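A quick note: this is a predicted structure, and the numbers were derived from the prediction, not measured.
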Amino acid sequence: MAKPTETSSELAALIRRGDAARFQLGQAHQRFKQKLDIPLRIRDSIKSSPLKWLAGSLAGGLMGSLLFRSGKSAKDRGKKNRGWIVSLLLMSFNLAKPALKIYGAKLLQDYLQHQFARQNAFRDVAPRSPS
């Protein structure tokens, strides 16, 4: 009678060991899937340290722009060193350009309205031929 209890206890121990091994394999499988899920890992990393990602992207962009920058362009080679008065005049003209465009458009609109009004005035005064 002792034999059947020993075998049953051995079977129970084997079943427990099998369950424990199956559980450990399941956990290892989950960890392996998490390590292979790159988009999830990147999202978690961005959420946990966004400033590091921002600084890294800025540094990468700066390095890329410095790396792929060509030498002086033809426009820069031919550029003369202007005095501060000429630079000030050019800057003030660039600042006034929008206002000048608006003023020019208003002048054109007034001129065209005057021309159309004059044409309509001549039409009203001109005699009509009987039909």
- Once you round to the nearest 0.5 Å, how far does CH2 of Trp84 lie from CG of Leu89? 9.5 Å
- Are Ile42 and Trp53 side-chain neighbours, meaning at least one heavy-atom pair lies under 4.5 Å? yes
- Looking at CD1 of Ile38 and CG of Leu36, how far apart are the two atoms once the value is rounded to the nearest 0.5 Å? 7.0 Å
- Task: Give a yes or no on whether the backbone of Leu88 and the side-chain of Ser92 come within a donor-acceptor separation of less than 3.5 Å.
- Result: yes
- Student check: side-chain heavy atoms of Leu66 and Arg69 closer than 4.5 Å: yes
- The reported gap from CG in Leu40 to OG in Ser45 (rounded to nearest 0.5 angstrom) is 11.0 Å
- Note on the structure: dist Ser9:OG -> Leu14:CG (nearest 0.5 Å) comes out at 9.5 Å
- Item | Option among Gln115, Gln109, Gln113 that satisfies the side-chain contact (heavy atoms from CB on, under 4.5 Å) test with Tyr111 | Gln115
- Message: If hydrophobic clusters are built by linking Ile, Leu, Val, Met, Phe, Trp and Tyr wherever their side-chain heavy atoms come under 4.5 Å apart, do Met91 and Ile85 end up in the same one?
- Response: yes
- Query: Would you call Arg41 and Asp37 a salt bridge, taking side-chain N to carboxylate O under 4.0 Å as the test?
  - Reply: no
- Residues in side-chain hydrogen bond (donor to acceptor under 3.5 Å, both in side chains) with Lys33, at least two apart? none
- Query: CG/Leu100 to CG/Leu95 distance, rounded to the nearest 0.5 angstrom?
  - Reply: 11.0 Å
- Item | Gap between atom OG of Ser8 and atom CD1 of Ile15 - 0.5 Å precision | 10.0 Å
